[in-house]
Student: 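I am attaching a structure below and will ask some questions about it afterwards.
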Amino acid sequence: MPAPTALAKASTDAPPDNVPLPEPDQDEELLLDAPDAVPSDPNAFQPASNEAEDTEMAVDEEGRPRFAPGKDVEPIRRSETRKVPVPPHRMAPLKASWPKIYSPLVQHLKLQVRMNTKSKCVELRTSRSTDSPAALQTGVDFVHAFALGFDVDDAVALLRVDDLYIETFEIKDVKTLGNEHLGRAIGRIAGKDGKTKFAIENASRTRIVLADSKISILGSFKNIHMARESIVSLILGKPPGKVYNSLRTVSARMKERF
């Protein structure tokens with residue numbers, strides 16, 4: 001009989017009377033009943049007065065904003081290291097002049113210096129006592145100037161004067177010359193017993209180093225430009241006498257300006 005089977009199946013699916021029903025969660029009731037959880041009026045919520053006062057900007061009598069004084073915060077200093085390669089032919093002068101080289105680097109710039117004979121370079125590193133952020137680059141320029149062939153006394157000027165630079169170029173950058181012509185160009189730049197080079201240095205207030213076909217000039221921007229123009233004229237074949245005359249004219253004009 002199909003009818004009694006259906007009734008029996010329905011009775012088995014219904015829960016018994018003695019089993020209690022699950023009660024509603026008390027936490028939900030507390031959240032719903034809490035007065036602070038849900039405001040009665042959604043438009044009645046306002047930010048705290050302290051926050052409003054903090055966001056307002058103070059203005060003086062003339063309407064300009066008034067800012068709080070800045071706080072002294074110690075900057076985060078990281079140790080930086082630079083290596084300056086030294087040519088093999090400058091290693092012996094470096095060892096001989098080492099006391100004169102590391103003294104201004106350590107005392108004036110307050111850097112840590114080391115001469116590495118294996119890698120043939122000078123290593124510079126900042127320390128906690130380093131004050132200027134440009135001290136490391138200044139020390140690198142000083143050592144690089146000595147590596148190019150400048151004397152220590154001339155290179156020390158880079159540490160004391162701010163507007164000094166070094167410009168390096170080769171004779172082939174101006175004109176491509178052969179072996180004999182290259183030697184003649186170098187001889188015209190140096191002159192007899194170095195007189196031409198000394199004359200250019202004195203007139204332009206620079207220092208010049210001739211290392212084979214490589215020329216390095218140390219000085220200010222305008223003085224380097226004057227010395228470079230004179231050297232280029234000599235490379236192109238201009239007689240030294242005309243170069244002297246042009247140097248005298250330009251140096252006289254510079255003296256009048258100063």
Side-chain angles (χ1 to χ4, degrees), residues 67-170 173 197-198 200-212 214-229 231 254 257-258:
F67 299 99
K71 299 179 181 179
D72 294 336
V73 180
E74 295 183 0
I76 301 174
R77 296 181 180 179
R78 298 178 181 177
S79 179
E80 299 181 6
T81 306
R82 296 282 297 275
K83 295 182 180 180
V84 183
V86 180
H89 68 279
R90 294 295 294 173
M91 285 300 298
L94 178 67
K95 294 178 181 178
S97 304
W98 182 245
K100 296 182 180 180
I101 293 174
Y102 79 81
S103 297
L105 293 174
V106 175
Q107 298 176 2
H108 181 66
L109 298 179
K110 299 180 181 180
L111 298 173
Q112 295 179 352
V113 190
R114 182 177 68 176
M115 178 174 56
N116 195 336
T117 56
K118 293 183 179 180
S119 60
K120 294 182 180 180
C121 66
V122 177
E123 300 177 359
L124 307 173
R125 186 175 66 181
T126 58
S127 61
R128 295 181 179 178
S129 58
T130 305
D131 300 330
S132 175
L136 184 61
Q137 184 60 42
T138 306
V140 170
D141 295 340
F142 167 67
V143 179
H144 181 64
F146 181 82
L148 289 175
F150 292 98
D151 294 336
V152 179
D153 299 334
D154 297 336
V156 166
L158 291 169
L159 306 179
R160 300 175 180 176
V161 184
D162 295 334
D163 58 345
L164 290 183
Y165 308 96
I166 297 176
E167 184 173 349
T168 304
F169 64 96
E170 295 186 8
D173 298 335
K197 184 175 78 72
F198 294 147
I200 296 174
E201 289 179 348
N202 295 331
S204 60
R205 298 179 182 178
T206 57
R207 289 292 180 267
I208 301 172
V209 171
L210 292 174
D212 198 6
K214 192 174 182 180
I215 303 168
S216 302
I217 306 174
L218 170 65
S220 62
F221 181 77
K222 293 182 180 180
N223 296 340
I224 288 175
H225 177 73
M226 190 197 319
R228 185 179 65 244
E229 291 295 328
I231 293 172
M254 292 181 66
R257 291 179 183 177
F258 289 108

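In what follows, every heavy atom counts, from backbone to side chain, and hydrogens, waters and symmetry copies are set aside.
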Student: Take I215 and V209 through the side-chain contact (heavy atoms from CB on, under 4.5 Å) test and state the conclusion after the steps.
Tutor: CA-CA 6 Å; I215 303 168; V209 171; over 6 Å; no
Student: For F146 and L94, work out which heavy atoms get closest and say how close.
Tutor: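 Heavy atoms only, the tightest pair is CE2-CA, 3.6 Å.
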Student: Donor-acceptor pair, distance only, cut-off 3.5 Å: does the side chain of E123 make one with the backbone of T81?
Tutor: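 Checking the backbone N and O of T81 against the side chain of E123, no donor-acceptor pair under 3.5 Å is found.
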Student: If I take atom OH from residue Y102 and atom CD from residue Q107, how far apart are they, to the nearest 0.5 angstrom?
Tutor: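 CD of Q107 is found 8.0 Å from OH of Y102.
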Student: So which heavy atom on L159 is nearest to which on F142, and how close?
Tutor: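 Taking L159 first and F142 second, the nearest heavy atoms are CD2-CB, 3.7 Å.
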Student: Rounded to the nearest 0.5 Å, what's the gap from CG on N116 to SG on C121? Could you check?
Tutor: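 Going from the CG atom of N116 to the SG atom of C121 covers 5.0 Å.
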Student: Would you check, one step at a time, whether the test side-chain contact (heavy atoms from CB on, under 4.5 Å) holds for E167 with H225?
Tutor: CA-CA 10 Å; E167 184 173 349; H225 177 73; over 6 Å; no
Student: State, to 0.1 Å, how close L158 and Y165 come at their nearest heavy-atom pair, and which atoms those are.
Tutor: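 Nearest pair, atom of L158 first, then Y165: CD2-N, 4.5 Å.
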Student: I'd like to know whether CZ of R125 has more than 12 heavy-atom contacts from other residues, nucleotides or ligands below 6.0 angstrom.
Tutor: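 Not buried by this count: 12 neighbours or fewer within 6.0 Å.
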Student: I want to check something: taking the side chain as every heavy atom from C-beta on, are V113 and V143 in contact at a cut-off of under 4.5 Å?
Tutor: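 V113 vs V143: side chains apart.
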Student: For the atom pair CD (Q137) and NE2 (H144), what is the distance rounded to the nearest 0.5 Å?
Tutor: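 Taking CD in Q137 and NE2 in H144, the distance rounds to 10.0 Å.
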Student: How far apart are the closest heavy atoms of A135 and L109, and which atoms are they?
Tutor: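 That would be O-CD1, 3.6 Å.
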Student: Measuring only between side-chain heavy atoms, which start at C-beta, is W98 closer than 4.5 Å to I101?
Tutor: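 Yes. Closest side-chain heavy atoms under 4.5 Å.
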Student: Hey, are the side chains of K95 and M115 touching, using non-hydrogen atoms and a 4.5 Å cut-off?
Tutor: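 K95 vs M115: side chains touch.
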Student: Do the side chains of I166 and I217 get nearer than 4.5 Å, heavy atoms only?
Tutor: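 Result no, sub-4.5 Å side-chain heavy-atom pair not found.
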Student: If you round to the nearest 0.5 Å, how far is CZ of R207 from CZ of F198?
Tutor: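 Output value for this atom pair is 9.5 Å.
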Student: Which heavy atom in T168 sits nearest to a heavy atom in S216, and how many Å separate them?
Tutor: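 Scanning both residues completely, I find the closest heavy atoms to be OG1-OG, 3.4 Å.
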Student: Distance from N202 atom CG to K197 atom NZ, nearest 0.5 Å?
Tutor: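 Going from CG on N202 over to NZ on K197, the span is 9.5 Å.
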Student: Given 3.5 Å as the limit, does a donor-acceptor pair link the side chain of D141 with the main chain of T138, or not?
Tutor: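 Absent.
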Student: Please check if atom CG in D162 has more than 12 non-hydrogen atoms from other residues, nucleotides or ligands closer than 6.0 Å.
Tutor: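 For D162, atom CG is not crowded (no more than 12 foreign heavy atoms under 6.0 Å).
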Student: Using only atom types and a distance under 3.5 Å, with no angle test, would you say the side chain of T130 pairs donor to acceptor with the backbone of S127?
Tutor: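 Side chain of T130 to backbone of S127, a donor-acceptor pair under 3.5 Å: yes, one is there.
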Student: Within the structure provided, determine whether S79 and T126 are in side-chain contact (heavy-atom separation under 4.5 Å).
Tutor: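 Answer yes - side chains close enough.
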Student: I need the minimum non-hydrogen distance between A227 and T206, along with the two atoms involved.
Tutor: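 Minimum heavy-atom contact is CB-OG1, 3.8 Å.
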Student: Measure the spacing between NE2 of H108 and CG of D131 and express it to the nearest 0.5 Å.
Tutor: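 Result: 10.5 Å between the selected atoms.
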Student: Do the side chain of D212 and the main chain of K214 share a donor and acceptor less than 3.5 angstrom apart?
Tutor: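 Not at all, since once roles are kept as given, no pair shorter than 3.5 Å links the two residues.
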